[in-house]
Amino acid sequence: MLTWGDVRRWDPAAIGEVADALNDGCTKIIAANDDVGAMARFTGWTGDAATAAATRGASLTSTLERLVAGASAVRRGAHEVQIALDRIVAFVRETDELAHRNGLAIGAGGEISVGVPQPDQARVMAELADRIEQGLRRAADVDADFAEILRRVLRGEITEQGGNTLAQAAEAGAAQSGLSIIGPPENGTPGDNKAWWASLSDTAKVALLQGNPGLVGNLDGIPAADRDAANRAVLAREIARLQGDPKLKGLEAIQQRLDRSEPQAFLLALDTSGDGKAIVSAGNPDTAANVATYVPGTGSELSKIGGDLNRSDKMWAAATTSGSPSTAVITWLGYDAPNELTDAASDKYAQGGKAALDQFQDGLRETHQGPPSHNTVLGHSYGTTVVGHAAGDGGLAADELVFVASPGVGAHDVSELRLDGVNQDEIGKHVHATVAEHDMINLANVEIAGYDPILGQDPTDADFGGQVFTSAPGTDGWGGYSTAAHSEYWEDNNPSLNNLGQIIAGKPTT
């Protein structure tokens, strides 16, 4: 039976060396493929001796094909197991460090002892016990997976499957080395997806992340780190494929953001069809105390995502300055946004995007580690319409709503909005809105002949019932309004940026 001390001593690099050695051996045999094939072909030689030689040559060739197939199976299995072991060893190291930071120690048998008494040790000890049990279960699963691959090879179940070259035998063996993995539930909820992912061993997860990253990367309910690993593989493939495509600019902006370390970014979804969609988080939403989802508005598409990523980084910095102990701000370009202002006069884009936003927020709750995070959903321009429709359609898994420069949120007042976990009689305290004095969006919120604006009431109106916070007036223009003012809420000297940071951090606004 594996112990905590056993797993501490695991060396993933040693498994990697096995994989490398097997790969080198297979490569050398495959490189001699013509010479091996010649063993069974003796042109111009006939008779009993020739027949015996050909039979012997064919037997040797068949034996080599089986050996290459088996070695390739073990090589691929060893490679996947090495990655799985890297994940487990990192988990063990993080658990040991958590214990040390809290004056505790974990013995080789998994026992927890107190070194230096500190506050809150009882809670930490319970968390450590859970992590030790989880780590040992994952380690046992990986150990069993690799043992099964080795048993299949030894039993002769890995074959060349009718290939006629050693290279084909190697490919067939590698293909058969993978474990049988049942896919995610069809049309599953984030909870269903979480349960499916948790049921897989680390080796199976690695096999999916490497072999079918598109299946995993966009599933709500899968941990952020795993979605990120899958989508980075998809991103690299799409950058290579879409040379010359306008969406390449957005893909490169995402890659550049992923390459920066502060805060670490996570690619939570990527879809290059149509105008393209992407979800990128500045900070890990599974571990952050405060998590915000930012929904951009009209004209948003994959090729232009660089500006939205910059806004999220600024909000992360503002929340951190406001006292948030740990923060994640997510750029959620997960819907088909209106391309033109004329398109934005309809709520059909909000209707089309609300379910995806609702499910994404549910997924954040499912994958979050530790106590529930304080979650904010923030929309800008038409993005507020998407957020409003999602919150008005049965409720949204969030603690705060923020409407910046809204043309209407599909509601007459806050009583038509719902937030999971917020008492309905308190909803007005959790809905925040702002609009710049010179923002052209004010023209969309004018009541004409007693009729409400097309997309709903202006959430900054006193009658709406929310909390209105301050923004700078913005750039003045013809008639007192400008398009520039519509995009200036994230400028460094604009009080709206500070207020956004305050809301994300769970602090009062001005």
Side-chain angles (χ1 to χ4, degrees), residues 263 282-283 288-298 300 307-332 374-385 387-388 398-409 414 427-445 457-477 479-510:
N290 295 295
V291 179
T293 302
Y294 159 58
V295 183
T298 301
S300 300
D308 291 314
L309 297 177
N310 183 55
R311 289 177 178 179
S312 290
D313 282 343
K314 286 195 166 190
M315 287 186 281
W316 180 90
T320 301
T321 300
S322 296
S324 173
S326 55
T327 312
V329 180
I330 302 161
T331 301
W332 191 84
H374 172 258
N375 286 8
T376 299
V377 181
L378 179 155
H380 172 239
S381 191
Y382 193 89
T384 67
T385 311
V387 173
D399 304 289
E400 315 287 341
L401 295 181
V402 184
F403 301 128
V404 177
S406 177
V409 300
V414 294
I427 190 71
K429 297 179 181 178
H430 298 268
V431 177
H432 313 264
T434 193
V435 67
E437 177 185 351
H438 299 306
D439 190 336
M440 62 173 289
I441 201 69
N442 288 292
L443 298 175
N445 294 327
Q457 194 73 17
D458 180 356
T460 63
D461 282 353
D463 291 341
F464 191 80
Q467 309 297 308
V468 179
F469 61 93
T470 303
S471 293
T475 300
D476 199 350
Y481 300 108
S482 72
T483 56
H486 191 59
S487 301
E488 293 174 343
Y489 298 91
W490 289 269
E491 291 192 349
D492 293 336
N493 60 349
N494 196 322
S496 61
L497 179 58
N498 175 67
N499 280 318
L500 291 172
Q502 292 284 105
I503 294 169
I504 293 169
K507 304 293 181 64
T509 61
T510 60

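Values below: every heavy atom of this structure, side chains too, minus hydrogens, waters and symmetry copies.
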Taking atom [atom1] of [X] and atom [atom2] of [Y], what is their separation to the nearest 0.5 Å?
X	Y	atom1	atom2	answer
Tyr382	Ser406	OH	OG	10.5 Å
Met315	Ile330	CE	CD1	10.5 Å
Lys314	Leu497	NZ	CG	6.5 Å
Tyr294	Leu378	OH	CG	8.0 Å
Leu401	Thr384	CG	OG1	10.5 Å
Met440	Thr483	CE	OG1	6.5 Å

Sub-3.5 Å donor-acceptor pair from the side chain of [X] to the main-chain atoms of [Y], do we have one?
X	Y	answer
Asn493	Ala472	no
His438	Gly480	yes
Ser496	Ser471	no
His380	Pro296	no

Do we see a donor-acceptor contact under 3.5 Å between the side chains of [X] and [Y]?
X	Y	value
Ser312	Thr331	yes
Thr475	Glu488	yes
Glu400	His374	yes
Thr510	Asn499	yes
Ser322	Gln502	yes

Partner set under side chain to side chain donor-acceptor pair (under 3.5 Å) for His486, not counting sequence neighbours: Ser381, Asp439
Would a 4.5 Å heavy-atom cut-off, applied to side chains only, mark [X] and [Y] as touching?
X	Y	value
Ser300	Asp308	yes
Thr293	Asn375	no
Pro407	Thr385	yes
Phe403	Val431	yes
Thr434	Val468	no
Thr327	Val329	yes
Arg311	Ser487	yes
Trp332	Val377	no

Give the minimum heavy-atom separation between [X] and [Y], together with the two atoms involved.
X	Y	value
Asn442	Glu437	ND2-O, 3.5 Å
Ile427	Val414	CG2-O, 3.7 Å
Pro473	Ala436	O-CB, 3.5 Å
Ser324	Asn290	OG-ND2, 2.8 Å

By ring-ring contact (aromatic ring centres under 6.0 Å, His included) - contacts of Phe464 (at least two apart): none
Any pair counted as ring pair (Phe, Tyr, Trp, His ring centres under 6.0 Å), so long as it reaches residues 307-330, sequence neighbours left out: none
